[in-house]
Amino acid sequence: MQRFVQLALDFLTGPDPLPAPRRAPEPAAPAPSAEPALPLHAVFQPATWHHPRANRSVRLGACEVAYEFRRGKRRTIGLSVSLEGLVVSAPRWTPLGEVDALLVQKADWVLEKLQRARERAGEMARARVVWADGVEFDLLGERVRLVLDPTRGLGPRSVGFDPATDGQLGTLRLGLPAHASESQIRDAAQAWLMKRATAVFTERLHLFAPQLGVQWSRLRLSSAGTRWGSASADGTIRLNWRLVFLSMDMVDYVVVHELSHLRHMDHSPQFWDVVASVMPDHQQRRHALKHAALPLDD
């Protein structure tokens, strides 16, 4: 700005008869020091998190957090965050003031987990399938459209599947009338999806078990909301049937993970070595699975 003003004055009065004496350059001003990062609870917008079974609340910065408080046989205070909200578990003898002090101390952690849970709930809501004629959903990495086809009638032929061809979506045809309710469509579709899951999972178990040097005895489908699978010492493998909504890469990861437990019933380094022996990229697949959103039942 000073240079602009000087040029304007020169234009009005003409140049100086003699050049102005040259000044030594002034030392550069020191760069402003970086301000310390604010804690997370200080930058959060005012918000409220309310657990459906909340019986206590605490204010963390600008946020009001209503949480479920439990007492039980434990030695320390435990904090856990799910899609429902915050749960605090404490020993029977712990003063409430100590609980509140810990929550204030862990405010950043609590608010970050609650925010992630809220985002996760939004992802799951967007992934929800409204079972109706024409709805589309993902099936083993492919997009599929559901079509009501009353001409198929009842019985074994009431459901049919046409794989995708020439850029067209795969089609799941249900022998239901156009006025069928959402629950009727959902039940018919899920019954077929479970059969498809059984066939695909069985095929992948037969593929990977010899590579891992293990034998499995039977497959059972699970509908758990938070577990993808489990393995028992007797060789029983349980897999969540909703894995069919995900890609084959993630299905294979869960299959290999559970089969590897037949070698090591833990998550020791030796266990992960077994997983990596047939799936070197298991960490990337595990990360993708962790962030996958599934259409759960209401």
Side-chain angles (χ1 to χ4, degrees), residues 39-131 137-138 182-183 186-187 190 193-194 221-230 238-246 250 253-254 257-258 267 286-298:
L40 189 63
H41 64 267
V43 298
F44 252 84
Q45 295 298 319
T48 300
W49 277 269
H50 192 283
H51 194 288
R53 295 183 297 278
N55 51 10
R56 280 186 58 79
S57 66
V58 64
R59 190 162 190 84
L60 303 179
C63 305
E64 189 73 23
V65 179
Y67 61 92
E68 181 182 10
F69 180 66
R70 305 171 180 170
R71 289 191 182 274
K73 294 182 178 180
R74 52 181 301 130
R75 296 181 179 180
T76 59
I77 302 173
L79 310 179
S80 63
V81 176
S82 68
L83 295 180
E84 290 186 315
L86 173 65
V87 176
V88 180
S89 303
R92 293 191 176 96
W93 48 265
T94 303
L96 293 177
E98 186 175 331
V99 174
D100 290 341
L102 177 64
L103 288 172
V104 171
Q105 178 185 350
K106 300 293 185 180
D108 285 358
W109 183 90
V110 171
L111 294 176
E112 180 183 3
K113 294 297 183 183
L114 286 170
Q115 182 64 26
R116 288 186 182 180
R118 178 169 289 179
E119 292 170 357
R120 179 68 171 171
E123 292 172 358
M124 294 178 67
R126 290 188 293 273
R128 179 183 179 272
V129 176
V130 179
W131 296 102
F137 58 92
D138 292 325
E182 181 179 356
S183 61
R186 180 197 62 210
D187 291 347
Q190 290 187 358
L193 288 168
M194 288 182 182
L221 297 185
S222 164
S223 297
T226 57
R227 291 191 74 177
W228 295 112
S230 63
R238 290 177 175 82
L239 298 174
N240 194 318
W241 70 267
R242 292 186 180 88
L243 283 166
V244 296
F245 290 114
L246 305 181
M250 286 184 268
Y253 167 74
V254 177
H257 185 111
E258 301 310 333
H267 289 105
R286 183 185 182 192
H287 179 79
L289 183 65
K290 183 179 179 181
H291 292 86
L294 283 180
L296 302 180
D297 296 335
D298 290 337

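- Counting only heavy atoms from C-beta outward, the side chains of R53 and R70 approach each other to under 4.5 Å.
- For S57 against E64, the heavy-atom pair with the smallest separation is OG-OE2, 3.5 Å.
- In this structure, the separation between NE2 on H50 and OG1 on T48 is 9.0 Å, given to the nearest 0.5 Å.
- In this structure, CH2 on W228 lies 12.0 Å from CD on E258, to the nearest 0.5 angstrom.
- A side chain to side chain contact (heavy atoms under 4.5 Å, CB included) with L86 holds for exactly one of V65, V58, L111; it is V65.
- Shown here for R71 and P91, the closest heavy-atom pair between the two residues is NH1-O, 2.8 Å.
- Of all non-hydrogen atoms in E182 and V129, the two that sit nearest each other are OE2-O, 4.2 Å.
- Between Y67 and H51, the shortest heavy-atom distance links the atoms CA-CB, 4.1 Å.
- Distance check: M250 CE to H287 NE2 gives 11.0 Å after rounding to the nearest 0.5 Å.
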### Task
Please report the C-alpha distance between S89 and R74 in whole Å, then the side-chain angles of each, then the deciding distance to 0.1 Å, and finally whether the side chain to side chain contact (heavy atoms under 4.5 Å, CB included) criterion is met.
CA-CA 8 Å; S89 303; R74 52 181 301 130; 3.8 Å; yes
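- Open room surrounds CZ on R286; 12 or fewer heavy atoms of other groups in view lie less than 6.0 Å from it.
- Listed by chain and residue number, H257, H261, F271, W272 satisfy the side chain to side chain contact (heavy atoms under 4.5 Å, CB included) test with H267 (two or more places apart in sequence, or in another chain).
- Remark: L60 CG to Q105 CD distance equals 12.0 Å, nearest 0.5 Å.
- Two residues are said to be in side-chain contact when any heavy atoms from C-beta on lie closer than 4.5 Å; V81 and W49 fail this criterion.
- The shortest heavy-atom contact between L83 and A117 is CD2-O, 3.5 Å.
- Of the inter-residue distances, the one linking M194 atom CE with S223 atom OG reads 4.5 Å to the nearest 0.5 angstrom.
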### Message
Working note: V88 + R56, criterion side chain to side chain contact (heavy atoms under 4.5 Å, CB included); need CA distance, chi angles, decisive distance, verdict.
### Response
CA-CA 10 Å; V88 180; R56 280 186 58 79; over 6 Å; no
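- Between P52 and E84, the shortest heavy-atom contact is CD-O, 3.4 Å.
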### Message
The test is side chain to side chain contact (heavy atoms under 4.5 Å, CB included); show your working for W109 and L79 and say whether it passes.
### Response
CA-CA 10 Å; W109 183 90; L79 310 179; 3.9 Å; yes
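- From N55, atom CG reaches atom CD of E68 across 6.5 Å, with rounding to the nearest 0.5 Å.
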